[in-house]
Amino acid sequence: MTGETFESRTREAYRGLLSGVPHHHLLRAWNFIPGINDDAGFATVPAGDGGDRYMVFNAGRYKAFRDVHGTPEWFPVASGVGHAGPDLVLHLLHGEGRPRPVDNPRQVMPVDYSSRFGDLPPAFVRAATVTGVENASVLVSGTASVVGEDSLHAGSFARQLEETLDNLETVVASCAPHLVPADLGDWLVYLPDPAHEACVRDAVRRRWPDHRMRIEVRAQRLCRPELMVEIECAGGSASERSS
């Protein structure tokens with residue numbers, strides 16, 4: 001597809017999904033984007049000038065939220081990564097629980113990103129706590145080596161990984177002050193180069209030697225080509241652990 005068609009199809013697909021989900025019960029989204037770092041290839045985001053298909057996807061997604069919900073007060077927790085297939089693959093998680101969006105004070109809120117990252121911003125929040133169900137939960141979006149809105153430590157996997165773990169610690173503590181990322185039982189690690197898996201597992205063991213979370217690793221391209229690792233996690237919150 002051209003970039004223009006891809007934006008339109010993204011908007012149409014998201015609009016169809018969102019129309020069937022009450023906004024206050026939308027918990028999380030996973031987005032698998034073909035050619036995520038490829039040039040956008042149409043005029044509003046110039047090819048070769050920093051515009052890529054992830055930015056086009058963001059524009060379509062944002063417009064769909066605006067179409068269905070007007071100007072939403074918040075967006076869901078989300079991850080957006082590449083995949084090798086030709087199709088845009090979207091998964092939405094919704095349920096009876098009600099999410100409370102949580103920000104990471106080390107990072108700019110995604111909706112406040114500058115135009116360097118596209119004409120319209122990515123429609124997600126850094127994390128959320130989910131209440132109103134039997135067990136409260138914490139959901140954390142895909143998190144990488146980004147401080148403010150800038151990618152840090154280009155070319156150094158070890159430093160990017162430590163920055164990513166710092167971001168995870170900060171946002172999880174914002175969800176519940178006495179939680180650490182290792183308290184969340186399910187981790188999903190996205191690596192453009194799967195050879196780095198052992199480095200991730202070693203770094204996690206150093207920080208949290210007694211951790212028992214499940215770590216799944218997937219080989220995926222990330223939303224910015226300079227990023228080398230992205231981690232999302234989910235699990236029970238403090239209220240669940242103390243019950």
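Keep in mind that what you see is a predicted model, and the values were worked out from it rather than measured.
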* Minimum side-chain heavy-atom gap Leu18-Leu92 below 4.5 Å -> yes

* Asked: Does a side-chain heavy-atom distance below 4.5 Å link Pro105 with Thr170?
  -> yes

* Please tell me if the side chains of Phe157 and Asp193 come closer than 4.5 Å, counting only heavy atoms from C-beta onward. => no

* To do: Run the salt-bridge test on Glu216 and Arg214 with the 4.0 Å N-O cut-off and return the result as yes or no.
  => no

* **Phe65 side, atom CZ; Thr71 side, atom OG1 - distance, nearest 0.5 Å** => 12.5 Å

* Any chain of hydrophobic side-chain contacts (each under 4.5 Å) joining Met109 to Leu152? -> no

* To do: For the pair Ser137 (side chain) and Val130 (backbone), establish whether a donor and an acceptor sit closer than 3.5 Å, ignoring hydrogens and angles.
  => no

* Out of curiosity, Leu227 CG to Thr143 OG1, how far, rounded to the nearest 0.5 Å? -> 11.5 Å

* **Sub-4.5 Å side-chain heavy-atom contact between Asp166 and Arg207** => yes

* **Heavy-atom check, side chain of Tyr113 versus side chain of Pro122, under 4.5 Å** => yes

* Show your working on side-chain contact (heavy atoms from CB on, under 4.5 Å) between Lys63 and Glu7 and close with a plain yes or no. => CA-CA 9 Å; Lys63 289 177 180 179; Glu7 179 186 315; 2.6 Å; yes

* What pairs meet the side-chain hydrogen bond (donor to acceptor under 3.5 Å, both in side chains) rule with one or both residues in residues 27-36, with sequence neighbours excluded? -> Tyr14-Asn31, Arg28-Ser79, Arg28-Glu232, Trp30-Glu232

* **Any donor-acceptor pair under 3.5 Å from Arg126 side chain to Val108 backbone** => yes

* To do: Report yes if the side chains of Glu169 and Arg106 come closer than 4.5 Å at any heavy-atom pair, otherwise no.
  => no

* So which of Asp52, Asn58, Ile36 actually passes side chain to side chain contact (heavy atoms under 4.5 Å, CB included) with Cys223? -> Ile36

* Minimal non-hydrogen separation, Cys233 against Leu184, with atom names -> SG-CD1, 3.7 Å

* Supply the atom-to-atom distance Asp210 CG to Arg205 CZ, rounded to the nearest 0.5 angstrom. => 12.5 Å

* What distance do Arg201 atom CZ and Cys199 atom SG have between them, rounded to the nearest 0.5 Å? -> 12.0 Å

* Which of parallel (below 30°), tilted (30 to 60°) and perpendicular (above 60°) describes Tyr54 and Phe57? -> parallel

* Asked: With a cut-off of 6.0 Å (strictly less than), are more than 12 heavy atoms of other residues, nucleotides or ligands near CZ of Phe75?
  -> yes

* Asked: Do you know which two heavy atoms are closest between Asp183 and His178, and how far apart they sit?
  -> OD2-O, 4.0 Å

* Side-chain heavy-atom pair Arg224, Leu222 within 4.5 angstrom cut-off -> no

* Asked: What's the shortest heavy-atom distance between Pro192 and Arg221, and which atoms?
  -> CG-CA, 4.4 Å

* Just by modelled atom types, is the Ala78 backbone N or O under 3.5 Å from a matching donor or acceptor in the Ser141 side chain? -> yes

* Asked: Can you check whether Glu4's main-chain N or O pairs, donor with acceptor, with Ser8's side chain at less than 3.5 Å?
  -> no

* Leu26 versus Pro99, closest heavy-atom pair with distance -> O-CG, 3.5 Å

* Any donor-acceptor pair under 3.5 Å from His69 side chain to Glu73 backbone -> no

* Structure fact -> Rounding to 0.5 Å, atoms CG (Leu88) and CD (Glu12) come to a distance of 11.0 Å

* Can Val147 be reached from Val172 by stepping across I, L, V, M, F, W or Y side chains whose heavy atoms are under 4.5 Å apart? -> no

* **CZ (Arg100) with more than 12 external heavy atoms under 6.0 Å** => yes

* **side-chain contact (heavy atoms from CB on, under 4.5 Å) between Arg116 and Glu149, worked out** => CA-CA 10 Å; Arg116 288 193 294 130; Glu149 64 174 17; 2.9 Å; yes

* Asked: Between Gln160 and Glu163, is any pair of side-chain heavy atoms under 4.5 Å apart?
  -> no

* Asked: Within the distance-only criterion (no hydrogens, no angle test), does the side chain of His23 pair as donor or acceptor with the backbone N or O of Trp74 below 3.5 angstrom?
  -> yes

* Partner set under ring pair (Phe, Tyr, Trp, His ring centres under 6.0 Å) for His94, not counting sequence neighbours -> none

* Could you tell me the separation between the CZ atom of Arg53 and the CE atom of Met1, rounded to the nearest 0.5 Å? => 7.5 Å

* Is a side-chain N or O of Asp87 found less than 3.5 angstrom from the main chain of Val89, in a donor-acceptor match? -> no

* When you measure from the side chain of Thr164 to the backbone N and O of Ser145, does any donor-acceptor pair fall under 3.5 Å? -> yes

* Could you go through the side-chain contact (heavy atoms from CB on, under 4.5 Å) check for Ile33 and Phe6 one step at a time? => CA-CA 10 Å; Ile33 302 157; Phe6 184 51; 3.9 Å; yes

* To do: Search all heavy atoms of Ala203 against all heavy atoms of Leu161 and return the closest pair with its distance.
  => CB-CD2, 3.5 Å

* Asked: Under the side-chain contact (heavy atoms from CB on, under 4.5 Å) criterion, do Met213 and Val204 qualify, and how do the steps go?
  -> CA-CA 10 Å; Met213 68 273 203; Val204 170; 3.2 Å; yes

* Backbone N or O of Val81 within a donor-acceptor pair of the Gln220 side chain at under 3.5 Å? -> no

* Structure fact -> Closest non-hydrogen contact found for Val102 with Ser174 is CG1-CB, 3.6 Å

* If you measure only the distance, is there a donor-acceptor pair under 3.5 Å linking the side chains of Arg61 and Thr10? -> no

